Amino acid sequence: QVQLVESGGGSVQAGGSLRLSCAASGRTFTGSAMGWFRQAPGKERVFVASISWRGTITDYADSVKGRFTISRDDRKNTLYLQMNSLKPEDTAVYYCAGRERGWGSRNEYEYEYWGQGTQVTVSS
């Protein structure tokens with residue numbers, strides 16, 4: 001059974017940093033693109049960042065570009081999201097996702113595997 005488990009969420013003041021991790025088990029994601037999405041209270045889940053299977057191509061939502069960095073360590077079967085200069089509007093549940101194909105996508109419906117999410121709260 002494939003599992004994606006996020007960790008690293010928490011509460012931080014504006015301007016602070018957090019690093020999210022997503023550990024995969026039951027399947028290796030080598031050769032698969034991975035992504036991060038988030039869902040704020042009362043809003044739809046939206047794309048944050050994606051990374052290609054080799055880690056050479058990354059994509060970011062405009063709202064996080066320059067502040068967030070997505071990376072992967074295939075030896076550990078783990079995906080990361082380094083979040084710097086956090087803002088209150090970054091408050092959301094963050095989900096990691098994996099897809100069968102090797103290139104990333106901004107469309108959540110193109111990801112077959114999902115974690116349970118981790119809460120990030122940024123206070124002003």
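It should be emphasised that the depicted structure is a prediction, and the values quoted were computed from it without experimental measurement.
Side-chain contact between Trp103 and Ile57 is absent, with no heavy atoms from C-beta onward closer than 4.5 Å. You'll find the side chain of Val46 stays beyond 4.5 Å of the side chain of Glu108, heavy atoms only. Side-chain atoms of Leu79 and Phe29, non-hydrogen and from C-beta on, never get closer than 4.5 Å to each other. Counting only heavy atoms from C-beta outward, the side chains of Trp36 and Phe68 never approach each other to under 4.5 Å.
Under a hydrophobic-cluster definition in which Ile, Leu, Val, Met, Phe, Trp and Tyr are linked whenever side-chain heavy atoms come within less than 4.5 Å, directly or via other members, Val93 and Met83 are assigned to different clusters. Leu81 and Val12 end up in the same hydrophobic cluster when Ile, Leu, Val, Met, Phe, Trp and Tyr side chains are linked at under 4.5 Å. Taken together through direct or relayed side-chain contacts under 4.5 Å among Ile, Leu, Val, Met, Phe, Trp and Tyr, Val48 and Met34 form part of one hydrophobic cluster. Both Ile51 and Val64 belong to a single network of hydrophobic side chains, linked directly or stepwise wherever heavy atoms of I, L, V, M, F, W or Y lie under 4.5 Å apart.
Heavy-atom minimum distance, Leu86 versus Leu18: CD1-N, 3.8 Å. Across Gly9 and Leu20, no two heavy atoms sit closer than the pair N-CD2, 3.6 Å. Across Tyr95 and Arg45, no two heavy atoms sit closer than the pair CD1-CD, 3.6 Å. In plain terms, the two heavy atoms of Ile70 and Gly35 that are nearest each other are CD1-CA, 4.4 Å. Nearest heavy atom pair, residue Ser21 against residue Thr78, reads CB-CG2, 4.3 Å. Across every non-hydrogen atom of Thr91 and Val122, the tightest pair is OG1-N, 2.9 Å.
Arg106 contributes a side-chain N or O that, together with a main-chain N or O of Tyr60, makes up a donor-acceptor pair within less than 3.5 Å. Side-chain atoms of Ser52 do not come within 3.5 Å of backbone N or O of Gly104 as any donor-acceptor pair. With Arg54 contributing its side chain and Gly102 its backbone, the two residues share no donor-acceptor pair below 3.5 Å. No donor-acceptor distance shorter than 3.5 angstrom exists from the side chain of Arg72 to the backbone of Gly55, with no hydrogens or angles considered. Of the possible donor and acceptor atoms, one in the side chain of Ser32 sits under 3.5 Å from a partner among the backbone N and O of Arg99.
The residues Asp62 and Lys65 are annotated as salt-bridged, a charged nitrogen and a carboxylate oxygen being separated by less than 4.0 angstrom.
Arg38 and Tyr94 form a side-chain donor-acceptor contact under 3.5 Å, judged by distance and modelled atom types alone.
Sorted by first and then second residue, the pairs that involve residues 21-34 and meet salt bridge (charged side-chain N to carboxylate O under 4.0 Å, His left out), not counting sequence neighbours, are Arg27-Glu100. Judged as a salt bridge (charged side-chain N to carboxylate O under 4.0 Å, His left out), not a single pair has a partner in residues 2-19 (not counting sequence neighbours).
To the nearest 0.5 Å, atoms OG (Ser124) and NZ (Lys87) are separated by 13.5 Å. Distance check: Gln119 CD to Gln39 CD gives 10.5 Å after rounding to the nearest 0.5 Å.
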Start with the C-alpha gap between Glu112 and Val2, add the side-chain angles, then the distance that decides, and say whether side chain to side chain contact (heavy atoms under 4.5 Å, CB included) holds. CA-CA 10 Å; Glu112 291 84 6; Val2 177; over 6 Å; no
